[in-house]
Structure formats: C-alpha cells, structure tokens
Amino acid sequence: MTDPRTYVPAPQAFAGRVILITGAGDGIGKALALACAAAGAAVILHGRSVRKLEKVYDEIVAAGGARPSLLPLDFEKAGPAEYEALAAAITKEFGRLDGLVHNAGMLGDRAPIEHHDIPKWMRTLHVNLNAPFLLTRYCFPLLKASPDASLIFTSSGVVRHPRAYWGAYLVSKCATEGLMQMLADEVESLPQLRVNSVNPGKVRTNMRLQAYPGEDRSTLPEASSILPTYLYLLGPDSRGVTGRSFDCQPG
C-alpha cells in the first residue's frame with residue numbers, strides 16, 4: 001500500500017475535480033488549496049476573511065491554476081439557511097463535489113474545566129463540530145453526485161492521548177472522530193464516497209502559536225510539508241480507503 005505521508009500525485013491527477021476546502025485563507029487550508037489547484041482541481045475556497053481568500057485566489061491564478069470560487073462564511077455566526085445557500089451556490093456552478101476538506105477550526109480556551117469560559121466553550125464546539133456536521137449535511141447530495149468523492153475531517157493528536165486543559169477543543173475533536181467513523185459506516189453502500197480523518201500533527205500555523213506561544217516555531221514543519229496525506233485521500237489512488245484516521249507525520 002502507498003504510504004500517504006510520502007504520496008506524490010501524478011501531474012494533473014486532480015483535473016476535473018471540484019474540491020471545497022474550509023479555512024482556506026491561511027495555514028494548512030491555503031497550502032492545500034494551492035496544491036490541489038496545481039494538480040488541476042477546481043478549488044472552492046472557504047474562509048471568514050474575503051481579503052485572505054482573494055490573496056489565495058491571486059496566488060492560484062498567478063501559478064496557472066483554474067480560477068477558484070470564493071465562499072466567505074463565518075461558521076461561528078452562520079445558521080442552517082446560510083449552509084443551505086452555500087450548497088445551492090455550489091450546485092448551480094458545479095453540480096457536484098469531488099472533495100470536501102473540513103480544515104477550519106477554533107482552539108478556544110486552554111484552561112481547567114472549572115475556569116472555562118462557557119460562551120467560548122459553546123463557540124468552540126460549534127465551529128469544530130456543528131459546522132462540519134451542517135456543511136456535510138447540506139453538501140451530501142453534491143458528494144453523492146460525484147463518481148469518486150472524498151470527505152476529510154480534521155482530527156488531532158490529543159484525541160489519541162487526551163490530557164488536561166485542552167477543553168472544548170479536545171472534546172470537539174473526539175466527537176469529530178466519532179462523526180467520521182459513524183458516517184463512514186452509514187455510507188458503506190456508496191462505494192464512490194469515502195470518509196476519513198487526518199491528524200496534521202505539529203505544524204507552523206497560527207493555531208499552533210495560540211496553543212504553544214513559547215514554542216520555537218523554527219523547529220516546526222511548514223504546512224506544505226504535510227500535504228501528501230491530504231492529496232492521497234483526495235485523489236483517485238485512495239479509492240476504497242474509508243473509515244480510517246491518518247497521521248500526516250510519524251510518531
């Protein structure tokens with residue numbers, strides 16, 4: 001079997017594929033959007049900041065990629081109507097989704113439960129768990145319309161080794177793993193749709209800086225270095241691989 005951590009897609013391996021990436025304005029989402037576009041995909045960029053999404057748009061076009069679509073939406077504030085409108089816009093423009101990557105997330109407070117800010121706890125669970133559920137729920141017909149669709153949830157190393165003070169972030173990621181496994185079982189009769197999760201590991205992102213402000217960032221890998229696992233799961237070479245959790249880095 002191919003090692004996803006060292007996977008290199010063939011040139012234009014994603015040609016004709018339509019891939020939605022949440023949190024595509026920076027970090028892992030941005031790096032993945034650039035890589036998918038370079039492999040030939042039509043990329044749909046989601047994020048809160050139109051300015052950031054426009055910068056990613058410009059980079060993709062400057063590199064010779066197909067013009068991406070922009071879908072600005074604040075998951076913290078959006079309700080079912082906004083998700084339904086988002087799915088309707090994708091349906092009108094593309095008619096299907098070949099890939100959906102739930103990359104957007106929120107760290108929340110790292111604090112003892114007895115001191116946790118309750119509104120922030122609720123917001124963190126909403127962004128990290130409810131938002132992926134809602135987006136998946138409304139985009140499900142688009143995924144089913146694809147002959148080869150991949151749905152990727154973002155996990156975390158703290159799921160495998162739960163520890164103190166990770167608050168709603170840890171709880172939301174444990175629940176996300178459960179959601180992934182449940183959904184993979186539910187779609188067992190749909191061989192064209194695979195569902196998996198990815199643990200990025202230690203990466204030089206803004207969220208990592210929030211979690212470990214005193215860490216030496218020069219020791220952390222760039223987001224671009226962990227993309228092989230994502231590209232493997234999004235591409236045709238992972239057909240039939242479903243219901244699994246992948247680590248982007250060893251250890």
| said: Quick check: closest heavy atoms across Cys248 and Ile226, and the distance to 0.1 Å? | reply: SG-O, 3.6 Å

| message | For a quick test of reading the model, state the closest non-hydrogen atom pair linking Ala131 to Tyr83 and the distance between them. | response | CB-OH, 3.3 Å

| said: Quick check: closest heavy atoms across Ile28 and Pro200, and the distance to 0.1 Å? | reply: CD1-CB, 3.7 Å

| Quick one: does Glu82's side chain have a donor or acceptor within less than 3.5 Å of a partner on Gly79's backbone? | yes

| request: Take atom CZ of Arg160 as the centre, draw a 6.0 Å sphere, and report whether it contains more than 12 heavy atoms from other residues, nucleotides or ligands. | output: yes

| Do Leu142 and Phe94 have side-chain heavy atoms sitting under 4.5 Å apart? | no

| Heavy-atom side-chain contact between Ser197 and Thr176 under 4.5 Å | no

| Student check: side-chain heavy atoms of Tyr138 and Pro80 closer than 4.5 Å | yes

Ignoring hydrogens and angles, write down the donor-acceptor pairs under 3.5 Å from the side chains of residues 48-55, residues two or more places apart or on other chains.
residue: Ser49; atom: OG; partner: Arg51; partner atom: N; Å: 3.4
residue: Ser49; atom: OG; partner: Lys52; partner atom: N; Å: 3.2
residue: Lys52; atom: NZ; partner: Asp26; partner atom: OD2; Å: 2.9

| request: For residues Leu129 and Ala175, report the shortest heavy-atom separation together with the two atoms involved. | output: CD2-CB, 3.6 Å

| query | What about Met180 and Ile152, same hydrophobic cluster or not, with Ile/Leu/Val/Met/Phe/Trp/Tyr joined at side-chain heavy-atom distances under 4.5 Å? | reply | no

| said: For the CG atom of Leu143 and the CG atom of Leu151, what is their distance to the nearest 0.5 Å? | reply: 6.0 Å

| Around atom CE of Met122, are there more than 12 heavy atoms of other residues, nucleotides or ligands at under 6.0 Å? | no

| query | Are Leu134 and Val195 co-members of a hydrophobic cluster defined by side-chain heavy atoms under 4.5 Å apart? | reply | yes

| How far apart are the C-alpha atoms of Lys173 and Thr154, what are their side-chain angles, what is the distance that settles it, and do they pass the side chain to side chain contact (heavy atoms under 4.5 Å, CB included) test? | CA-CA 8 Å; Lys173 291 304 179 180; Thr154 298; 4.0 Å; yes

| field | Arg194 backbone acceptor or donor facing Thr242 side chain under 3.5 Å | value | no

| field | Residue pair Val187, Phe140: steps toward the side chain to side chain contact (heavy atoms under 4.5 Å, CB included) verdict | value | CA-CA 11 Å; Val187 301; Phe140 209 74; 3.4 Å; yes

| query | Side chain of Arg204, backbone of Leu220: donor and acceptor closer than 3.5 Å? | reply | yes

| Could you go step by step and tell me if Tyr169 and Val127 meet the side chain to side chain contact (heavy atoms under 4.5 Å, CB included) rule? | CA-CA 10 Å; Tyr169 178 82; Val127 170; over 6 Å; no

| request: State, with a plain yes or no, whether a side-chain heavy atom of Pro4 is found less than 4.5 Å away from one of Leu231. | output: no

| Cluster check Leu34, Tyr57: I/L/V/M/F/W/Y, side chain < 4.5 angstrom | yes

| message | Treating Arg17 as the side-chain partner and Leu234 as the backbone partner, does any N or O pair qualify as donor plus acceptor under 3.5 Å? | response | yes

| query | Does one hydrophobic cluster hold both Leu179 and Leu193, with members joined at side-chain heavy-atom distances below 4.5 Å? | reply | yes

| Are there more than 12 heavy atoms of other residues, nucleotides or ligands under 6.0 Å from atom CD of Glu188? | no

| task | Output the distance between atom CZ (Arg123) and atom CD1 (Ile118), rounded to the nearest 0.5 Å. | result | 12.0 Å

| field | Pairwise side-chain contact, Leu32 with Ile19, heavy-atom cut-off 4.5 Å (strictly under) | value | no

| Side chains of Asn199 and Ser155: do they bring a donor and an acceptor to under 3.5 Å? | no

| field | Donor-acceptor under 3.5 Å (Asp98 side chain, Val18 main chain) | value | yes

| said: Tell me the closest heavy-atom pair linking His46 and Ala104, and the distance in Å. | reply: CE1-CB, 4.4 Å

| Counting only N and O atoms by type, is there a donor-acceptor contact under 3.5 Å from the side chain of Arg217 to the main-chain atoms of Thr205? | yes

| Do Trp166 and Leu107 touch side chain to side chain, with heavy atoms closer than 4.5 Å? | yes

| task | Could you tell me whether the side chain of Asn128 and the main chain of Met106 form a donor-acceptor pair under 3.5 Å? | result | yes

| said: Rounded at 0.5 Å granularity, tell me how far CZ in Arg110 sits from CG in Leu170. | reply: 10.5 Å

| message | Within the 4.5 Å heavy-atom criterion, are Leu20 and Val101 side-chain neighbours or not? | response | no

| What distance separates Cys36 SG from Leu227 CG, expressed to the nearest 0.5 Å? | 8.0 Å

| task | Quickly, which of Tyr230, Phe133, Phe75, Phe153 forms a ring pair (Phe, Tyr, Trp, His ring centres under 6.0 Å) with His102? Name it, please. | result | Phe153

| request: With rounding to the nearest 0.5 Å, note down the distance linking CZ in Arg239 to CD in Gln192. | output: 11.0 Å

| Phe14 and Val43, any side-chain heavy atoms less than 4.5 Å apart | no

| task | Indicate, with yes or no, if Val203 and Leu233 share a hydrophobic cluster defined by side-chain heavy-atom contacts under 4.5 Å among Ile, Leu, Val, Met, Phe, Trp and Tyr. | result | yes

| Main-chain N/O of Ser245 paired with Asn196 side-chain donor or acceptor, under 3.5 Å | no

| remark: Here the pair of heavy atoms bringing Pro9 nearest to Ala13 is CB-CB, 4.0 Å

| CD1-CG distance between Ile90 and Leu97, expressed to the nearest 0.5 angstrom | 5.0 Å

| task | Report yes or no: does Thr22 contribute a side-chain atom to a donor-acceptor pair with the main-chain N or O of Asn103 at less than 3.5 Å? | result | yes

